[in-house]
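Inspection log for the structure reproduced underneath, given as structure tokens.
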Number of protein chains: 2
Amino acid sequence: MTSVYGGSGDPARSIELLWGLREPPRRGPKPKLTVDGIAAAAIGIADAEGLAALSMRRVAAELGVTAMSLYSYVPGKAELIDVMVDRVVGENGVPDHEPGGWRSRLERVARQAWDRYLRHPWLLQVATSRPVLGPNIIARYDYELRAVAGIGLSNIEMDLVVSMIADYVHGAVRTAVELAQAEQQTGKTDIAWWEERAPLLAKVFDAERYPVAAEVGAAAGEEYQAAVDPARSFEFGLARLLDGVAVLVERAARGETA
Amino acid sequence: MTSVYGGSGDPARSIELLWGLREPPRRGPKPKLTVDGIAAAAIGIADAEGLAALSMRRVAAELGVTAMSLYSYVPGKAELIDVMVDRVVGENGVPDHEPGGWRSRLERVARQAWDRYLRHPWLLQVATSRPVLGPNIIARYDYELRAVAGIGLSNIEMDLVVSMIADYVHGAVRTAVELAQAEQQTGKTDIAWWEERAPLLAKVFDAERYPVAAEVGAAAGEEYQAAVDPARSFEFGLARLLDGVAVLVERAARGETA
DNA sequence: TTGAACTTCTTACAGCGTAGGCTATTATTC
DNA sequence: GAATAATAGCCTACGCTGTAAGAAGTTCAA
């Protein structure tokens with residue numbers, strides 16, 4: 001299950017943390033930890049065990065302090081997650097200039113997001129409307145928009161295209177992550193799991209009433225040796241999506257309004 | 001935030017619950033509750049307060065019993081959620097035959113999913129790989145496939161198209177729900193919220209370094225009077241997606257393989 | 001009437017985020 | 001060098017979670 005976690009406890013404080021503002025006066029005992037170190041430990045836990053396993057006590061234990069010590073560095077868990085997000089968004093740097101046409105650039109944007117979600121599946125569960133605008137998030141937003149800049153789209157259309165890609169990738173990678181997690185947690189591959197349930201399913205499933213589902217389900221099972229093949233699904237969906245954008249771009253090139 | 005909740009504690013037991021198998025012998029005190037009643041109460045809570053607020057104690061309180069009483073009817077919380085999902089998937093019935101061409105049928109599939117997610121935002125947080133195949137989930141899967149049946153696509157392509165639509169809708173509606181929840185929780189509209197943060201953002205955001213983001217962000221803010229307009233975003237994305245499917249369908253009609 | 005089957009309630013456990021208060025440590029000021 | 005102020009870190013405590021274990025109460029079949 002997923003519950004919607006959102007960062008953004010106090011956005012102003014989060015922004016200060018993210019941009020390294022508010023250097024504190026130099027009194028009192030020397031800090032044992034740093035915000036970056038705490039975020040790194042938290043990211044490690046979330047990557048390995050999921051966002052549900054991420055607790056202040058758990059992070060503190062990892063760092064050899066008590067839970068309450070973390071509150072000297074970070075106002076709360078929500079702001080810590082804000083920092084985590086900005087860190088992983090900037091993980092491998094944000095490219096400056098990208099060669100190729102809009103299609104290959106957009107494809108790269110989508111694949112980078114896909115890879116990032118696979119590396120950090122907990123990102124799927126972090127609410128990103130009203131994102132806290134850390135340095136990396138801003139840089140990446142600019143980078144993504146540049147993929148569709150200068151090809152005849154209006155500013156609004158550029159924003160819509162980038163949002164659409166983001167929405168689709170989120171949905172697609174979620175399927176992939178859920179499949180992987182299900183296999184890991186049950187120790188059974190998808191095909192083994194479904195075969196195990198086949199006898200019970202046969203009792204309740206009326207193939208005559210639902211012939212299309214029966215045929216397609218069987219075909220998919222044979223083809224993938226699983227109920228789904230998320231990577232292939234992503235490739236297929238991305239290709240269709242970009243085909244659809246191409247129609248828009250051509251229309252714009254001919255001077256038509258959508 | 002969202003944590004990934006998934007139903008599916010014991011799938012076999014869930015299937016029995018969903019299909020009303022395992023009528024129990026008639027001894028002992030008369031049951032005060034029914035599985036359907038419990039699921040209805042749980043759906044009400046999840047709709048109104050979110051999946052995070054859904055606890056066994058909360059459901060029990062709603063029904064005037066103690067938490068542990070529920071365990072006579074349902075093996076656990078995970079299986080309860082399985083039942084909830086199947087119920088809302090069948091909520092308004094699953095249509096038998098749909099008029100129109102593949103495009104209007106697919107559009108209808110997407111809009112029904114969109115509406116369902118808006119009515120029951122907690123569905124976004126329930127893992128659906130390895131779904132528990134209740135009667136309504138099966139019926140809807142068949143219905144969705146029928147939207148793209150008989151137009152020249154292979155079984156695999158039909159499955160891929162339906163998955164792609166599902167993935168996109170999930171991603172798009174998630175944005176919409178997050179925005180609505182953010183407005184509800186903060187009591188501030190999107191535009192008011194961003195304007196409030198503008199001074200702090202101006203301090204850290206370098207418009208010269210990120211000219212595209214600056215321009216597009218400003219344009220979007222003016223156009224939507226918000227950072228995003230989810231309904232418009234959905235319409236735009238769906239149109240592009242269906243344009244992309246049209247390319248595929250035309251290619252199939254010409255006998256080409258993808 | 002008795003016993004089995006079943007429902008319901010009580011108790012308990014370990015874990016969560018974090019408020020409040022305390023002590024120990026350090027840099028600055030006199 | 002001593003006093004002071006500010007900070008770091010720890011401890012305790014609250015109400016919440018899902019559900020295991022077991023006791024108590026209710027209803028039917030024999």
Side-chain angles (χ1 to χ4, degrees), chain A residues 1-10 13-14 22-35 37-38 41-42 45-46 49-84 122 125, chain B residues 1-10 13 22-35 37-38 41-42 45-46 49-84 122 125-126:
Chain A
M1 303 252 261
T2 311
S3 87
V4 179
Y5 288 83
S8 304
D10 176 354
R13 189 76 185 83
S14 287
R22 188 133 86 169
E23 283 297 318
R26 308 247 149 270
R27 263 219 264 209
K30 297 205 170 142
K32 275 203 273 193
L33 311 173
T34 62
V35 173
I38 293 170
I45 292 166
E49 303 169 47
L51 205 52
L54 183 75
S55 72
M56 297 301 272
R57 291 177 226 267
R58 182 83 180 69
V59 175
E62 202 81 10
L63 295 166
V65 297
T66 64
M68 291 312 291
S69 299
L70 301 179
Y71 287 84
S72 311
Y73 301 91
V74 155
K77 194 187 184 183
E79 290 83 357
L80 172 56
I81 292 177
D82 285 337
V83 177
M84 292 166 64
W122 50 270
Q125 297 161 237
Chain B
M1 302 255 260
T2 311
S3 85
V4 178
Y5 287 84
S8 305
D10 177 353
R13 188 80 183 81
R22 188 133 87 169
E23 284 297 319
R26 310 242 148 274
R27 266 220 260 212
K30 295 201 174 147
K32 275 204 274 192
L33 311 173
T34 62
V35 173
I38 294 170
I45 293 166
E49 302 169 48
L51 206 52
L54 182 76
S55 73
M56 297 302 271
R57 289 177 228 267
R58 183 83 180 68
V59 175
E62 203 82 10
L63 295 167
V65 296
T66 63
M68 290 311 290
S69 298
L70 302 179
Y71 287 84
S72 311
Y73 300 91
V74 154
K77 194 187 186 187
E79 290 84 357
L80 172 56
I81 292 176
D82 285 337
V83 177
M84 292 167 64
W122 51 270
Q125 298 162 236
V126 178

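Source: prediction; values computed, not measured. So you know, we letter chains A, B, ... as the sequences are listed, proteins then strands, and number each from 1.
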Separation of atom CD1 in B:Ile38 from atom C1' in C:dT7, rounded to whole Å: 12 Å
Extract from the structure each pairing of a protein N or O with an N or O of nucleotides 14-19 of chain C at less than 3.5 Å, listing the distance.
from	atom 1	to	atom 2	distance (Å)
C:dC16	OP1	A:Ser55	OG	2.6
C:dG17	OP1	A:Met56	N	3.3
C:dG17	OP1	A:Lys77	NZ	3.1
C:dG17	OP2	A:Met56	N	3.0
C:dG17	N7	A:Arg57	NH2	2.5
C:dG17	O6	A:Arg57	NH2	2.7
C:dT18	OP2	A:Tyr71	OH	2.7
C:dT18	OP2	A:Lys77	N	3.1
C:dT18	O5'	A:Tyr71	OH	3.4
C:dT18	O4	A:Arg57	NH1	3.4
C:dT18	O4	A:Arg57	NH2	3.3

OP1 or OP2 of D:dA8 under 4.0 Å from side-chain N/O of A:Ser69: no
Nearest-Å distance for atom pair CG/C1', residues A:Leu33 and D:dT7: 14 Å
Partner residues of B:Thr66 under the side-chain hydrogen bond (donor to acceptor under 3.5 Å, both in side chains) criterion, sequence neighbours left out: B:Ser69
Salt bridge (charged side-chain N to carboxylate O under 4.0 Å, His left out) pairs, two or more places apart, involving residues 58-68 of chain B: B:Glu49-B:Arg58, B:Arg58-B:Glu62
Gap between atom CG of A:Leu63 and atom NZ of A:Lys32 - 0.5 Å precision: 10.0 Å
Phosphate OP1/OP2 of D:dT7 contacted by A:Tyr73 side-chain N/O (<4.0 Å): no
Gap between atom CD of A:Gln125 and atom CD1 of A:Ile81 - 0.5 Å precision: 9.5 Å
Interatomic spacing from CD1 in B:Ile38 to OH in B:Tyr73 - rounded to 0.5 Å: 6.5 Å
Atom pair distance, as rounded to whole Å: CG in B:Leu51 and P in D:dG18: 10 Å
Verdict with supporting geometry, A:Met84 and A:Leu54, side chain to side chain contact (heavy atoms under 4.5 Å, CB included): CA-CA 12 Å; A:Met84 292 166 64; A:Leu54 183 75; 3.9 Å; yes
